[in-house]
Amino acid sequence: MQRIHFTGTDFARVRLRSSTGPLTEGVFALRLLTHPSSGDTYTRWRVALRTSLRGNARAVLSMRPDRTAEPLLRLLERTGHDGTAPAGRGGDGDGGVQEITRLALTAWRAGVYPYWEHMRGRLDAVCAAHGRIAATGGVEHLLSTLHPRIRWKAPVLEIDGGPDRDIHLDGRGLVLKPSVFLPGEAGRVVACERDSGQTVLVFAADPVLVDGWDELPEAGDTGDDGESRALSALVGQTRAAALRVLTDTSTNSELAARLGVSPGVASRHATVLRETGLITTRRVGSSALHTVTPLGMALLDGQLLDGQLLTGPPFTAGPTGLSFPQQARSA
């Protein structure tokens, strides 16, 4: 059993996030691929993933569950936290860490990214549902309703399964992240996430809320209207998605989570959007807050997709995104 110990400060620092980045998603996808469960409903996804992995399939499928379970999850932990050796040490070596990391990111590209639009929408719905519970019943009610096998016994959150360990938050707070890759399990705790240092509880999402996450668009069906396709063609698919996300002001880490990319990648996309006048960024304490400009909103609304600004000169698409005249940048 895993036990998370709260202090009074931690209640104000509980956050829900639909994703904490590609490595986390890839690790749990790879873990599921190598750990078949009874009554498995993931057969279609497994077949598609194994086909997509191609040359990597042999390396992935040769990973024995009893040897890879802990190294995979330890890959997400910051080195040496709670006295635990980082993944790959004590016999595996740094080469082992690099190989597992490569396989996890390959699993993300093949088994998560193609489904990400459907998956993210459903995970967002899970977060919204739990957010409403917190808003009406408080954080303790939220913690007690995450999963039937996750129990709140103040001041400790108990999660069935996994290693027998105690995690003390000590004021750091807790990130709650739903996952579609935990069939038959309640959740797993990442005590100190390697990039952010945050404690993350990855919990099994309600199957009813995430049903259909593994559906791929039919051939010839883009799932977007003409304006969305034109926007993606102009600024790129990921930057177009970032622009839509930033209609709600977001920090860089929130943007990264919504896009399913690393904070560094999200920051680079935000820089391009800012330099083309589509978003603005302001600092509040240690956080950078991004929001869409009127020019960006006009682009999202399809008012600029004929290649003309509302009040003047044309813009062109360059190698890093949209290029605007100087007067457009001040809009």
What closest approach, in Å, do [X] and [Y] show between heavy atoms, and which atom pair accounts for it?
| X | Y | result |
| --- | --- | --- |
| Pro163 | Arg188 | CD-NH2, 3.0 Å |
| Leu16 | Gly131 | CD1-N, 3.6 Å |
| Asp124 | Ser18 | OD1-OG, 3.0 Å |
| Leu33 | Arg46 | O-NH1, 3.2 Å |
| Ile150 | Ala186 | CD1-O, 3.8 Å |
| Ala107 | Leu30 | CB-CB, 4.1 Å |

If we only count heavy atoms from C-beta on, is the [X] to [Y] side-chain gap below 4.5 Å?
| X | Y | value |
| --- | --- | --- |
| Leu76 | Val200 | no |
| Ser19 | Leu123 | no |
| Thr24 | Val190 | no |
| Ser250 | His290 | no |
| Val139 | Trp152 | no |
| Leu278 | Val292 | no |

Using 0.5 Å steps for rounding, measure from the [atom1] atom of [X] to the [atom2] atom of [Y].
| X | Y | atom1 | atom2 | value |
| --- | --- | --- | --- | --- |
| Leu176 | Thr199 | CG | OG1 | 11.0 Å |
| Thr281 | Asn252 | OG1 | CG | 8.5 Å |
| Leu246 | Leu255 | CG | CG | 5.0 Å |
| Thr280 | Leu295 | OG1 | CG | 11.5 Å |
| Ile4 | Leu143 | CD1 | CG | 8.5 Å |

Open item on the list: Filter on side-chain hydrogen bond (donor to acceptor under 3.5 Å, both in side chains), then keep only pairs touching residues 177-187, sequence neighbours left out; what's left?
Closed with: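 Listed once each, the pairs are Glu25-Lys177, Arg31-Glu185.
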- [ ] Among residues two or more places apart or on two chains, list those pairs meeting side-chain hydrogen bond (donor to acceptor under 3.5 Å, both in side chains) that have a residue in residues 1-11.
- [x]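 Those involving residues 1-11 are Arg3-Asp164, Arg3-Asp166, His5-Asp166, Thr7-Asp10.
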TODO: Just jot down the ring-ring contact (aromatic ring centres under 6.0 Å, His included) partners of Trp116, sequence neighbours excluded, or say none.
DONE: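 Counting only residues at least two positions away or on another chain, Trp116 forms no ring-ring contact (aromatic ring centres under 6.0 Å, His included).
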- [ ] Mind checking ring-ring contact (aromatic ring centres under 6.0 Å, His included) for His130 and listing every partner two or more places apart, or none if nothing turns up?
- [x]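 Counting only residues at least two positions away or on another chain, His130 forms a ring-ring contact (aromatic ring centres under 6.0 Å, His included) with Phe203.
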Below 3.5 Å, can you tabulate the donor-acceptor pairs from side chains in residues 153-161 to any protein atom, sequence neighbours excluded?
| from | atom 1 | to | atom 2 | distance (Å) |
| --- | --- | --- | --- | --- |
| Asp160 | OD1 | Arg151 | NH1 | 3.3 |
| Asp160 | OD1 | Arg151 | NH2 | 2.7 |
| Asp160 | OD2 | Arg151 | NH1 | 3.1 |

Quick one: salt bridge (charged side-chain N to carboxylate O under 4.0 Å, His left out) partners of [X], sequence neighbours excluded?
| X | result |
| --- | --- |
| Arg120 | Glu117 |
| Arg109 | none |
| Glu140 | none |
| Asp170 | none |

Open item on the list: Can a donor-acceptor pair be found, under 3.5 Å and without considering hydrogens, that links the side chain of Arg149 to the backbone of Gly184?
Closed with: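 Here the side-chain-to-backbone pair exists.
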Open item on the list: For Pro263, is there any backbone N or O sitting under 3.5 Å from a side-chain donor or acceptor partner on Ser267?
Closed with: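 No: the side chain of Ser267 does not pair with the backbone of Pro263.
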Task: Identified ring-ring contact (aromatic ring centres under 6.0 Å, His included) partner of Trp108 from the options Tyr113, Tyr115, Phe28 - done: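 Of the listed residues Tyr113, Tyr115, Phe28, the ring-ring contact (aromatic ring centres under 6.0 Å, His included) partner of Trp108 is Tyr113.
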Task: Residue pairs passing the ring pair (Phe, Tyr, Trp, His ring centres under 6.0 Å) test where at least one lies in residues 176-200, sequence neighbours excluded - done: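 For residues 176-200: Trp45-Phe181, Phe181-Trp213.
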Task: Residues that Ser253 engages under side chain to side chain donor-acceptor pair (under 3.5 Å), provided they are two or more places apart - done: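 Side chain to side chain donor-acceptor pair (under 3.5 Å) check on Ser253 returns Thr251.
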TODO: Could you list the residues that satisfy side chain to side chain donor-acceptor pair (under 3.5 Å) with Arg122, not counting sequence neighbours?
DONE: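 With sequence neighbours excluded, Arg122 shows a side chain to side chain donor-acceptor pair (under 3.5 Å) to no residue whatsoever.
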- [ ] May I ask whether Met297 and Leu273 are part of the same hydrophobic cluster, defined by side-chain heavy atoms of I, L, V, M, F, W, Y residues being less than 4.5 angstrom apart, directly or through others?
- [x]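 Yes, it is one cluster - the side chains of Met297 and Leu273 are joined through contacts under 4.5 Å.
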TODO: Taking only Lys NZ, Arg NE, NH1 and NH2, and the carboxylate oxygens of Asp or Glu, determine whether Glu193 and Arg17 approach each other closer than 4.0 Å.
DONE: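 Here Glu193 does not pair with Arg17 in a salt bridge, since their nearest N and O are not under 4.0 Å apart.
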